[in-house]
Amino acid sequence: METLISVIGGANMDMAATLNGAFIAADSNPGHIEVGHGGVARNIAHNLALLGARVQLLTIFGGDLFGGLLHDYCKQQGIDTHLSERVNEMRSGLYLSLHNHGGEMIAAVADTEAIKLITPEWLAKRSGEINSSDYVIADTNISEDAIRWLMENVTVPLFIDGVSTTKSHKVVNALQKAKLPYLHTLKLNLKEALAVTDSGTYAEAAQKLLDLGVAHVYITLSADGVYCRTAAEEWLYPALPVEIVNTTGAGDAFLAGVVLAHARGIDFPKTAQYGLMAARAAIMSPKAVNTDIANILL
């Protein structure tokens, strides 16, 4: 039977501005702006669908124009949205990012108010179909209570993407409060990992996460690759060479690659190699998802 992956979290419209030259604060800067479909969970789902997986997305679409565009685009890409909800009273998520002329992000602002409607009660109504999946992925745009509910109620491997330094704290808090703290996989970048564990090195951060109940830790290190850790193994994989176009979405693609590798029976830590190839594909595209990822990765 075909692998089914449920992805829970944010779906946003992305507006990515890239500067032509050096950034000048408090001034109008020449550059170009790309508008596209984004959101961490939606990006992950889109990458997986492009790579041939069967995917169902659980998110909140706003009742505005953006909500309609996001919903319709997901369906066009082969993403099952029947477990999602469109709420007329809510505005859709919006993600605004600013990048230097080399494509690396300077700053970003995320408006994800709609995702607050994904509560433990909302998830519980969908628990049967969530647990009929082979894998479940969540981002930390959802609440700490919702993350804790997933940890306590999901019966298949659960993967979580940290999203940001602020939002990653939800995972640690949920692990500390969960009845039986266990998380199959947590993916954080270096800044997130050090912040949520109050650590000085990625190795120290990974150990603290293992102690909290995470079974597989991936800490992405930007140009330095990725550090992978379980209780028995640790590996450091170098980044793949690439000409940077845009770094937004690279982490989302990485986790999609990791989950796909697990689905294909690839053992840890070689799963990280799929993640790195997927991240490389994302970095090569001006948008958060490289629609040519299948030709690059497969």
Side-chain angles (χ1 to χ4, degrees), residues 3 5 7 38 40-53 55 99 102-105 135 137-140 157 159-164 168 183-194 201-203 205-206 209-210 214-230 232-298:
T3 299
I5 303 170
V7 188
V40 172
R42 196 218 66 86
N43 290 347
I44 293 170
H46 192 179
N47 278 301
L48 287 167
L50 289 167
L51 291 168
V55 187
H99 303 256
E104 296 194 25
M105 187 167 64
Y135 300 94
I137 307 171
D139 70 32
T140 57
F159 295 68
I160 292 182
D161 188 303
V163 178
S164 71
S168 294
L183 176 60
H184 182 281
T185 294
L186 177 60
K187 192 279 291 181
L188 301 171
N189 65 29
L190 179 59
K191 187 176 181 180
E192 293 161 357
L194 298 183
T201 67
Y202 53 73
L209 292 168
L210 293 175
V214 183
H216 303 82
V217 176
Y218 297 84
I219 301 177
T220 55
L221 308 173
S222 189
D224 292 323
V226 59
Y227 177 73
C228 315
R229 183 78 180 271
T230 65
E233 298 180 89
E234 64 175 339
W235 289 80
L236 179 63
Y237 285 103
L240 302 176
V242 62
E243 183 176 342
I244 296 174
V245 175
N246 171 34
T247 56
T248 296
D252 309 338
F254 176 88
L255 187 55
V258 166
V259 176
L260 183 70
H262 275 278
R264 291 181 173 173
I266 295 171
D267 294 330
F268 180 93
K270 290 182 179 180
T271 48
Q273 294 176 314
Y274 266 68
L276 287 169
M277 288 188 289
R280 179 177 179 270
I283 290 169
M284 295 165 63
S285 170
K287 295 187 181 295
V289 173
N290 188 339
T291 55
D292 200 36
I293 189 172
N295 292 327
I296 297 169
L297 184 58
L298 299 180

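From a predicted model like this one, the values you see are computed outputs, not experimental measurements. All residue numbers in this chain count up from 1 along the given sequence.
Of the possible polar contacts, one joining the Glu192 side chain to the Asn189 backbone as a donor-acceptor pair under 3.5 Å is found.
Residues Leu297 and Leu51 have side chains in contact (heavy-atom distance under 4.5 Å, counting atoms from C-beta outward). Counting heavy atoms from C-beta on, the side chains of Leu48 and Ile137 come closer than 4.5 Å. Annotation: side chain of Phe268 is in contact with side chain of Thr271 (closest heavy-atom distance under 4.5 Å). With contacts defined as side-chain heavy-atom distances shorter than 4.5 Å, the pair Leu209/Leu188 qualifies.
Considering only residues two or more places apart in sequence or on other chains, Tyr202 meets the side-chain hydrogen bond (donor to acceptor under 3.5 Å, both in side chains) condition with none of them. Here Asp292 pairs with Asn295 under the side-chain hydrogen bond (donor to acceptor under 3.5 Å, both in side chains) rule; sequence neighbours left out. Residues that satisfy the side-chain hydrogen bond (donor to acceptor under 3.5 Å, both in side chains) test with Glu234, not counting sequence neighbours, are Tyr227. For Pro157, the side-chain contact (heavy atoms from CB on, under 4.5 Å) test picks out Tyr135, Phe159, His184, with sequence neighbours left out. Partners of Ala205 according to the side-chain contact (heavy atoms from CB on, under 4.5 Å) rule, which considers only residues two or more places apart in sequence or in another chain, are Ala193, Leu194, Thr197, Ser199, Ile219. Taking Asp161 as the reference, Lys187 meet the salt bridge (Lys or Arg N to Asp or Glu O under 4.0 Å) condition, with sequence neighbours excluded. Taking the side-chain contact (heavy atoms from CB on, under 4.5 Å) definition, one finds that Ser222 meets it with nothing, sequence neighbours left out. Residues that satisfy the side-chain hydrogen bond (donor to acceptor under 3.5 Å, both in side chains) test with Asn290, not counting sequence neighbours, are absent from this structure. Taking Ala45 as the reference, Val7, Val55, Leu57, Ile79 meet the side-chain contact (heavy atoms from CB on, under 4.5 Å) condition, with sequence neighbours excluded.
For Ala282 against Ala253, the heavy-atom pair with the smallest separation is CB-CB, 3.8 Å. When all heavy atoms of Ala272 and Val258 are compared, the closest pair comes out as CA-CG2, 4.5 Å. Across all non-hydrogen atoms, the minimal contact from Ala215 to Leu210 is O-CD2, 3.8 Å.
Ile266 CD1 to Tyr274 OH: the interatomic distance, rounded to the nearest 0.5 Å, is 3.5 Å. In this structure, Thr291 OG1 and Leu50 CG are separated by 6.5 Å, a value rounded to the nearest 0.5 Å. Note that NZ of Lys287 is 11.0 Å distant from NE2 of His46, once rounded to the nearest 0.5 Å.
The side chain to side chain contact (heavy atoms under 4.5 Å, CB included) test with Val214 singles out one residue from Leu186, Thr185, Thr230, and that residue is Leu186.
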Please determine whether side chain to side chain contact (heavy atoms under 4.5 Å, CB included) holds for the pair Val289 and Arg42, giving the CA-CA distance in whole Å, both sets of side-chain angles, and the decisive distance to 0.1 Å. CA-CA 10 Å; Val289 173; Arg42 196 218 66 86; 3.7 Å; yes
Please step through side chain to side chain contact (heavy atoms under 4.5 Å, CB included) for the pair Leu276 and Phe254, ending with a clear verdict. CA-CA 6 Å; Leu276 287 169; Phe254 176 88; 4.2 Å; yes
Would you check, one step at a time, whether the test side chain to side chain contact (heavy atoms under 4.5 Å, CB included) holds for Leu221 with Leu236? CA-CA 10 Å; Leu221 308 173; Leu236 179 63; 3.5 Å; yes
Please lay out, stage by stage, how Leu240 and Met277 fare under the test side chain to side chain contact (heavy atoms under 4.5 Å, CB included). CA-CA 7 Å; Leu240 302 176; Met277 288 188 289; 3.7 Å; yes
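Sorted by first then second residue, the salt bridge (charged side-chain N to carboxylate O under 4.0 Å, His left out) pairs that include residues 266-285, not counting sequence neighbours, number zero.
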Which pairs would a plain distance check flag for residues 244-252, meaning a side-chain donor or acceptor within less than 3.5 Å of a matching protein atom at least two apart in sequence or in another chain?
| from | atom 1 | to | atom 2 | distance (Å) |
| --- | --- | --- | --- | --- |
| Asn246 | OD1 | Thr248 | N | 3.2 |
| Asn246 | ND2 | Pro286 | O | 3.0 |
| Thr248 | OG1 | His99 | NE2 | 3.2 |
| Asp252 | OD2 | Asn43 | ND2 | 2.9 |

